[in-house]
Amino acid sequence: MQMTGVWLPIITPFKDNKLDYPSYERLINHYTEKGISGFIPLGTTGESPVLSDYEFEEMIEKTMEYNKNRLPVYIGVGGNCTSQVIKKIRITEYYDIKGILSVCPYYNRPNQEGIYQHFKSIAEETPLNIVMYNIPYRTGVNMENETVHRLSEIKNIVGLKDCSGNIKQTTELLMNPPKDFSILTGEDILFFLTLTIGGQGGILSSAHLKTEKFVEVYNKIKENDLEAALQLWKPLYEFIPLLFKEPNPAPVKYCLEKLSLIDSDEVRLPLTPISAQLKKEINRVILK
C-alpha cells in the first residue's frame, strides 16, 4: 500500500530538559483528529540527534501507547554507519509500526554505489517498509534519480522523502516514477507543486499548523479541483517560509506553545529558541 497524503514529522516536546509526555499525548490526540495520514516521530523535526538511546526507545513506546493504533507510524532511523542503523532498527521491530524513514548517510559522503549498498543492506536486515530521505543540503551528498530507481526494485523500499532542493531532479523523477513507489515531498513549500505533477503527498513540519488546510489541499488536488486547491494553498504558501527562517523545529514549537498544545517551546542545544523579531513576525502572520 502506497504512502499518500499529509504525514506529520511530529516534534519532541521538552520541559526542563526532559521529555514532556503530557504534552506529547496532547499532540497525538490533537493531530489524530485532523485528517493526517500518519505520524513520523524521531525525525529531524523531532530533534532525534539530541535524544539518548533510552529516550529514543521511550518515544516509540509512548507514540504507540498514545496513538492506540489510530494512525500508521513510521519511525525516523538514520545514520552514517550502516551497521549501527541496522542495530537501531532492531529496536523498532518490537513495536507495531509500519516502517522507518531513513536519511542518506551524512558527513562521510558516500558515492552512489555506497548509498545503494547502504539502503540495500538495511532492507535485507529488516521486514519493515523503508522510506528513504534525500536531503543533500544537510547530508552533503545527493541521491540521484538512477539510484532511487535501483533501490525501488527492492521489495520493502517503498518510497522517498524528497528534499533534493533541485526542482529539475524532482520533476524528472515525478515524470518517470518507479512503479508502486511513493514520492513525498519534504520541502513544505513545494507541496502543491509536487502533488500537481504526480507526487503522492508530503512529510511536512509546517502541517503542525493549519493542519486541516494542508489535508484539504491534498484532497482537492486528488479530486482534480485545482482552482479550489490553489486558493487554499496561497495563504499556506505565505506563512511556510517563516517556519524555516530560523532552524526547524524552533519556530513550530513557539507556535505550538502559544496555541497551548505544548507546555514549553524548549529545544535542545545546539538549537536555541527563536529570536524576538521572528516571534513578532509569526504573531502577525500565523498566530493573528
Side-chain angles (χ1 to χ4, degrees), residues 1-11 27-46 63-64 66-76 96-102 128-135 148 152 156-164 170 173-174 177-237 239-240 243 248-249 252:
M1 189 177 94
Q2 280 193 314
M3 287 179 74
T4 60
V6 176
W7 287 74
L8 190 71
I10 192 165
I11 63 129
L27 289 174
I28 293 283
N29 289 331
H30 174 79
Y31 290 113
T32 299
E33 306 301 323
K34 297 296 181 182
I36 62 170
S37 297
F39 291 111
I40 305 180
L42 299 165
T44 311
T45 302
T63 301
M64 307 313 290
Y66 301 151
N67 181 47
K68 298 181 176 70
N69 291 315
R70 288 176 288 179
L71 290 175
V73 174
Y74 276 68
I75 301 294
D96 185 23
I97 64 171
K98 295 298 182 186
I100 64 163
L101 173 69
S102 196
L128 293 172
N129 287 338
I130 297 168
V131 175
M132 304 178 294
Y133 182 10
N134 185 34
I135 183 162
V148 175
S152 72
N156 59 330
I157 295 182
V158 300
L160 175 73
K161 179 180 178 181
D162 176 33
C163 292
S164 71
T170 295
L173 183 62
L174 288 166
K179 186 180 179 184
D180 299 323
F181 186 83
S182 297
I183 300 169
L184 303 123
T185 188
E187 296 285 0
D188 300 35
I189 204 74
L190 297 181
F191 181 54
F192 181 87
L193 179 62
T194 298
L195 292 175
T196 57
I197 58 175
Q200 279 69 44
I203 300 171
L204 309 173
S205 178
S206 302
H208 280 88
L209 306 170
K210 305 186 187 298
T211 313
E212 300 102 320
K213 296 296 183 184
F214 282 94
V215 172
E216 202 173 348
V217 167
Y218 172 82
N219 289 336
K220 290 297 182 186
I221 289 176
K222 293 307 168 185
E223 294 165 5
N224 289 317
D225 191 348
L226 288 183
E227 182 54 37
L230 182 60
Q231 295 312 311
L232 288 163
W233 176 244
K234 284 180 178 178
L236 298 178
Y237 180 84
F239 85 71
I240 288 171
L243 297 178
N248 178 54
V252 167

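Everything quoted here is computed from the prediction, not taken from an experiment.
Within the 4.5 Å cutoff, side-chain heavy atoms of Pro41 are placed close to those of Val73. Ser206 is not listed as a side-chain neighbour of Ile189, based on a closest heavy-atom distance of 4.5 Å or more. With contacts defined as side-chain heavy-atom distances shorter than 4.5 Å, the pair Thr32/Phe39 qualifies. Using a 4.5 Å heavy-atom cutoff, the side chains of Ile10 and Thr45 are not in contact. Taking the side chain as every heavy atom from C-beta outward, Lys222 and Thr4 never approach each other to under 4.5 Å. Residues Val215 and Asn219 have side chains in contact (heavy-atom distance under 4.5 Å, counting atoms from C-beta outward). No side-chain heavy atom of Leu160 sits under 4.5 Å from any side-chain heavy atom of Val131. In this structure, the side chains of Val148 and Ile183 stay at 4.5 Å or more apart for every pair of heavy atoms.
With rounding to the nearest 0.5 angstrom, the CG atom of Leu184 is 9.0 Å from the CD atom of Gln2. Distance check: Tyr218 OH to Phe191 CZ gives 8.0 Å after rounding to the nearest 0.5 Å. The CG atom of Leu226 sits 8.5 Å away from the CG atom of Leu230 when rounded to the nearest 0.5 Å. One distance of note links CG of Leu204 with CG of Asp188; it measures 4.5 Å at 0.5 Å rounding. Note that the CD1 atom of Ile75 and the CD1 atom of Ile40 stand 9.0 Å from one another [nearest 0.5 Å]. The distance from atom CG of Leu71 to atom NZ of Lys34, rounded to the nearest 0.5 Å, is 13.0 Å.
For Asn156 (side chain) and Leu128 (main-chain N/O), a donor-acceptor pair under 3.5 Å exists by modelled atom type. Proximity of a side-chain donor or acceptor of Ser182 to a complementary backbone N or O of Met3 within less than 3.5 Å is detected.
When the options Leu8, Ile11, Asn248 are evaluated for a side chain to side chain contact (heavy atoms under 4.5 Å, CB included) with Ser205, the one that passes is Asn248.
Nearest heavy-atom pair, Gly5 versus Ser37, reported as atom, atom and distance to 0.1 Å: CA-OG, 3.5 Å. Residues Pro9 and His208 share a closest heavy-atom pair of O-CE1, 3.4 Å. The shortest heavy-atom contact between Ile100 and Ile97 is CG2-CD1, 4.4 Å. When every heavy atom of Thr211 is checked against every heavy atom of Ala207, the shortest pair comes out as OG1-O, 2.6 Å. Heavy-atom minimum distance, Arg70 versus Tyr66: NH2-O, 2.7 Å.
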| message | What verdict does the side-chain contact (heavy atoms from CB on, under 4.5 Å) test give for Thr63 and Leu42, after you've listed the backbone C-alpha separation in whole Å, the side-chain angles of each residue and the deciding distance to 0.1 Å? | response | CA-CA 10 Å; Thr63 301; Leu42 299 165; over 6 Å; no
| task | Begin with the C-alpha distance, continue with both residues' side-chain angles, and end with the deciding distance and a verdict on side-chain contact (heavy atoms from CB on, under 4.5 Å) for Val217 and Phe192. | result | CA-CA 7 Å; Val217 167; Phe192 181 87; 4.2 Å; yes
| From CA spacing to verdict: side-chain contact (heavy atoms from CB on, under 4.5 Å), Trp233, Ile221 | CA-CA 11 Å; Trp233 176 244; Ile221 289 176; over 6 Å; no
| side-chain contact (heavy atoms from CB on, under 4.5 Å) assessment of Phe181 paired with Gln200 | CA-CA 9 Å; Phe181 186 83; Gln200 279 69 44; over 6 Å; no
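Both tests pass for Lys161 against the ring of Tyr133: distance under 6.0 Å to the centre and angle within 45° of the axis.
In the displayed structure, Lys68 atom NZ is contacted under 6.0 Å by more than 12 heavy atoms of other residues, nucleotides or ligands.
Residues Asp162 and Thr185 have side chains that never bring a donor and an acceptor to within less than 3.5 angstrom of each other. Counting only N and O atoms by type, the side chains of Asn134 and Ser164 include no donor and acceptor under 3.5 Å apart.
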